[in-house]
Amino acid sequence: MKKHLLLEKAYVYPLPKTTPEMSGYKFDYRHGYWVTEDTGEPFVFDKSNPGPRSKKCDIETGEDQKGE
Amino acid sequence: MNEVHILIISNTIDFTTDYVCLELHRRNANYLRINRDEFQKYEVFFNVLHCSLTIRLGDEHYLLHPNTLKAVYYRAPIYLRDIYKPNLPVEEQLYRTQWTAFIRNLTVFDSALWVNNPDATFRAENKILQLIVAKNIGLPCPNTIVTNSNNVEIDEKKDYIVKSLDSAVLRLEDKEAFVYSNRVKGGEIKNSHLNLAPIILQDYISPKIDIRVTVIGHTVYAVRILKEGKGVEGDWRTYKSDIDFIPFLLPDNVSGNCVSLVKALGLSFGGIDLIESDGNFFFIEVNPTGEWAWLVNAANLKIFNGICDYLEGINV
């Protein structure tokens, strides 16, 4: 039996990682953001982190947080 | 005791929230970020009759009360899509269902500004509703049919956009699949298998430039999405690189209509997709939980400023 059109057109990819690698960083609970363990620099400003990308390209779930 | 003026409900790996907290810290705001994946680290006491919530984290105590809580940034699921999974331990089932209910119950703080209120998000995610509201506000929309029938009246030679009514993230054993917007000939649609589930069928607009509009209150950030200086055929999200996000100013009427749309849907924030074609702007959809953090670096748009302004009651 033919597949539904949406299933035919679905883009298939390997299961994404759900947990990023955060060694070298710690979560600052008082201030609510990640920082590097050695310098205390915010993770999001750390040039070596890949940074958030648009939906479906990385592990962010912002677009899907309507339901999980 | 720390009096909380701004509550942020997030998750430890939601790095978008880091931008907001960094800016609130810089502004010396009284805020608290709680992470849904670490509730067991907190001690929570909600005195229902006094509508007073105390959260203990280590040696710190935080108080949330209707008289002092000004805003909530809600970055959490509206509902659990798949509560029952055969391999999910019962402890995790309990954790997920009960904490999801707890944070949903925080809407009792209804005098605070919510970004966004989950009740409004749940309703606003209906794509048919979005298109009707957009049209009524004055945002042109492509001709759209929602159908599960091959007997739909379409031109077999024309191109159409076919997409899902709800985000379709599908699990396939050891892989995952996502349904993007697909450009499909009418003839292929007429001969396809449709009756299992409805689809959204829209006129294909060409030439096109995709526009991403981020609205927070009355503040609007817009980018054109280009590849090598031109609009992207098909769904731009399928391209992992070589995509440029170029900030620009929308015409006043379009910008105003975007703000009105978000408000009409009961939202404070919306990620709106438009298509620009031959000088006209067409509404495609709005995402109440739309992402924006990638635009901070990709387009040098400090959207966290707009969000923090709103949470502090500015540009509401």
Side-chain angles (χ1 to χ4, degrees), chain A, chain B residues 8 10-19 21-22 24-25 31-33 57-58 60 75-81 121-122 125 162-164 167-170 172 174-180 182 184 188-189 192-194 196-197 199 237-238 240 243 287-294 296-297:
Chain A
M1 184 175 160
K2 258 177 122 170
K3 279 203 286 193
H4 187 277
L5 183 59
L6 293 183
L7 296 178
E8 272 186 10
K9 301 294 182 186
Y11 173 74
V12 181
Y13 48 93
L15 270 178
K17 275 194 311 183
T18 54
T19 310
E21 176 54 55
M22 298 304 291
S23 58
Y25 302 97
K26 61 181 181 183
F27 192 80
D28 178 344
Y29 285 92
R30 179 157 175 75
H31 298 116
Y33 48 83
W34 289 87
V35 296
T36 56
E37 279 179 340
D38 49 2
T39 64
E41 182 77 2
F43 167 76
V44 290
F45 295 154
D46 185 353
K47 288 184 175 31
S48 61
N49 103 57
R53 289 175 288 160
S54 67
K55 50 192 171 180
K56 305 303 171 296
C57 292
D58 59 17
I59 51 87
E60 285 180 356
T61 59
E63 293 287 348
D64 293 324
Q65 280 189 356
K66 49 190 156 184
E68 69 173 21
Chain B
I8 297 154
S10 185
N11 178 293
T12 51
I13 58 168
D14 178 14
F15 302 115
T16 299
T17 308
D18 285 32
Y19 286 102
C21 289
L22 269 161
L24 289 175
H25 180 195
Y31 67 98
L32 170 67
R33 172 175 175 171
L57 178 60
E60 298 286 347
R75 286 188 61 87
I78 304 305
Y79 54 85
L80 296 175
R81 288 179 188 276
T121 296
F122 185 78
E125 275 162 1
V162 169
K163 57 189 181 185
S164 56
S167 281
V169 183
L170 308 164
L172 308 161
D174 62 341
K175 291 191 170 51
E176 200 168 87
F178 181 74
V179 179
Y180 287 99
N182 291 278
V184 186
E188 184 179 352
I189 296 167
S192 64
H193 173 52
L194 287 181
L196 175 70
I199 62 169
R237 297 170 297 174
T238 59
K240 297 209 185 316
I243 295 289
N287 192 332
T289 60
E291 258 310 340
W292 53 266
W294 94 90
V296 173
N297 292 329

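By convention in this document, chain letters (A, B, ...) are assigned in the order of the sequence lines, proteins followed by strands, and residues within each chain are numbered from 1. Below, each value reflects all heavy atoms present in this structure, side chains not excepted, and no hydrogens, waters or symmetry copies.
Considering CZ of B:Arg237 and OH of A:Tyr11, their distance stands at 12.5 Å, rounded to 0.5 Å. Rounded to the nearest 0.5 angstrom, A:Leu6 CG and B:Tyr180 OH are separated by 14.5 Å. For the atom pair CG of B:Asn297 and CZ of A:Phe45, the computed distance is 9.0 Å after rounding to the nearest 0.5 Å. Atom-to-atom distance recorded for A:Glu8:CD and B:Glu188:CD is 6.5 Å, nearest 0.5 angstrom. A:Leu7 contributes atom CG, which lies 8.0 Å from atom NE2 of B:His193 (distance to the nearest 0.5 angstrom). The SG atom of B:Cys21 sits 10.5 Å away from the NE2 atom of A:His31 when rounded to the nearest 0.5 Å.
When A:Tyr25, A:Phe43, A:Tyr33 are each tested for a ring pair (Phe, Tyr, Trp, His ring centres under 6.0 Å) with B:Phe15, only one passes: A:Phe43.
Interface check for chain B: of the options A:His4, A:Arg30, A:Lys2, the most heavy-atom pairs under 4.5 Å are formed by A:His4. Between chain A and the residues B:Leu170, B:Asn182, B:Asp174, B:Val184, the most heavy-atom pairs under 4.5 angstrom are made by B:Asn182. Between chain A and the options B:Ala168, B:Pro288, B:Ala177, heavy-atom pairs under 4.5 Å are most frequent for B:Ala177.
For B:Leu194, the parts lying under 4.5 angstrom from a heavy atom of chain A are both the backbone and the side chain. Heavy-atom distances place the side chain of B:Leu57, and not its backbone, under 4.5 Å from chain A.
The minimum heavy-atom distance between B:Asp18 and A:Gly32, with the atom names listed, is OD1-O, 4.1 Å.
By the neighbour-count criterion of 12 heavy atoms within 6.0 Å, atom CZ of B:Phe122 is sparsely surrounded, having that number or fewer from other residues, nucleotides or ligands.
Side-chain atoms of A:Lys9 and B:Val162, non-hydrogen and from C-beta on, never get closer than 4.5 Å to each other.
Residues forming a side-chain hydrogen bond (donor to acceptor under 3.5 Å, both in side chains) with B:Thr12 (at least two apart in sequence, or on another chain): B:Asp37.
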